[in-house]
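Encoded as structure tokens, the structure appears first; notes follow it.
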Amino acid sequence: MSPRLPLRRSAAGAIVAILAALVLAADQFVKYLTTENLPYQEPVPVLGEFLQLYYVRNPGAAFSLGSDVTWIFTIALAVVAGVIVWKAFGLRSRLWAVVLGALLGGVLGNLGDRLFRDPGFPVGHVVDMISMPWMMPAIFNIADIFIVCGMISVALLVVFGLRFDGSRERDHAPVETEEEAEAAAAEQEFATRDDVRRPAAPADDER
């Protein structure tokens with residue numbers, strides 16, 4: 001079975017753009033439903049203590065860390081989004097296109113909140129609504145899910161050696177040529193013959 005050919009750059013870029021748009025739309029739609037229908041800072045049980053809806057506005061990062069320097073998170077999100085878009089132009093790997101598209105959508109979802117929600121540009125508060133008290137105290141949103149899953153997927157792709165062009169690290173390992181293999185075999189054979197011809201050291205005379 002012949003291996004799958006890498007994607008054309010235009011096709012990979014289209015995958016990134018479409019997935020990013022879908023994730024961004026889903027994230028903003030859920031945030032719209034949250035702000036229009038959920039009470040502020042009141043838990044709404046969905047599956048008891050396992051899953052709750054809890055509408056909050058987060059000025060900082062996870063656990064509301066850095067709430068006094070919201071603009072730093074805005075810059076960080078913008079930089080990450082820019083790097084992903086830049087890398088997308090050279091992609092030919094399907095897996096990388098899917099992972100970066102989902103990650104970009106999550107980044108843009110929270111970046112949009114920072115830019116356009118109250119109290120204003122560029123220190124808007126991110127809308128969070130998903131709570132799982134049994135697992136962690138943090139409250140998160142759809143964008144956060146795709147960001148975390150995207151970062152884990154990026155780490156796995158790097159560990160497994162998948163490159164942006166669709167090849168793997170092992171495909172670029174140096175390959176021994178036929179001449180090099182013959183030279184190494186001849187050298188080994190010569191060393192073996194030399195060891196055989198070398199006389200053994202005389203044993204000590206018995207007293």
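The residues of the chain are indexed from 1 along the displayed sequence.
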Within the 4.5 Å heavy-atom criterion, are [X] and [Y] side-chain neighbours or not?
{"X": "K31", "Y": "V126", "value": "yes"}
{"X": "L104", "Y": "L19", "value": "no"}
{"X": "V80", "Y": "V83", "value": "no"}
{"X": "R114", "Y": "F73", "value": "yes"}
{"X": "I147", "Y": "N110", "value": "yes"}
{"X": "R117", "Y": "V127", "value": "yes"}
{"X": "R168", "Y": "R163", "value": "no"}
{"X": "S93", "Y": "F164", "value": "no"}

With side-chain contact (heavy atoms from CB on, under 4.5 Å) as the test, pick out the partner of M151 among L156, V99, L103.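 The single option meeting the side-chain contact (heavy atoms from CB on, under 4.5 Å) with M151 is L103.
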Show your reasoning for whether side chain to side chain contact (heavy atoms under 4.5 Å, CB included) applies to T35 and R57. CA-CA 10 Å; T35 57; R57 291 180 177 270; 4.0 Å; yes
Do you reckon [X] sits in the same ILVMFWY cluster as [Y], going by side-chain contacts under 4.5 Å, direct or chained?
{"X": "V16", "Y": "F89", "answer": "yes"}
{"X": "L51", "Y": "I145", "answer": "yes"}
{"X": "L157", "Y": "I152", "answer": "no"}
{"X": "M129", "Y": "V23", "answer": "yes"}
{"X": "F146", "Y": "I130", "answer": "yes"}

Pairing donors with acceptors under 3.5 angstrom, does anything connect the side chains of N141 and D113?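 Their side chains do not contain a donor-acceptor pair, so the 3.5 Å distance test is not met.
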P119 and G124: which non-hydrogen atoms are nearest, and at how many Å?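 What the structure gives for the nearest pair is CD-CA, 4.0 Å.
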Atom of Y55, atom of L38 and distance for their closest heavy-atom approach: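 So the minimum-distance heavy-atom pair works out to CD2-O, 3.6 Å.
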Is the side chain of [X] donor-acceptor paired with the backbone N or O of [Y] at a distance under 3.5 Å, no angle test?
{"X": "D27", "Y": "A143", "answer": "yes"}
{"X": "D118", "Y": "G120", "answer": "no"}
{"X": "W96", "Y": "V154", "answer": "no"}
{"X": "Y54", "Y": "P43", "answer": "no"}

With rounding to the nearest 0.5 Å, note down the distance linking [atom1] in [X] to [atom2] in [Y].
{"X": "L77", "Y": "I72", "atom1": "CG", "atom2": "CD1", "answer": "12.0 Å"}
{"X": "N37", "Y": "L53", "atom1": "CG", "atom2": "CG", "answer": "10.5 Å"}
{"X": "Q52", "Y": "E42", "atom1": "CD", "atom2": "CD", "answer": "12.0 Å"}

Side chains of residues 131-140: which donor-acceptor partners sit under 3.5 Å, not counting sequence neighbours?
from	atom 1	to	atom 2	distance (Å)
W134	NE1	F50	O	2.8

Count the heavy atoms of every other residue, nucleotide or ligand shown that sit under 6.0 Å from OH of Y40, and state whether that count exceeds 12.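 Yes, OH of Y40 has more than 12 neighbouring heavy atoms, counting only those of other groups under 6.0 Å.
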Once side-chain contact (heavy atoms from CB on, under 4.5 Å) is applied, do any residues pair with A12, and if so which ones, sequence neighbours excluded?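 A12 satisfies side-chain contact (heavy atoms from CB on, under 4.5 Å) with L7, L91, A97 once adjacent residues are dropped.
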Trace of the side chain to side chain contact (heavy atoms under 4.5 Å, CB included) decision for Q41 with V56: CA-CA 6 Å; Q41 292 187 339; V56 295; 3.9 Å; yes
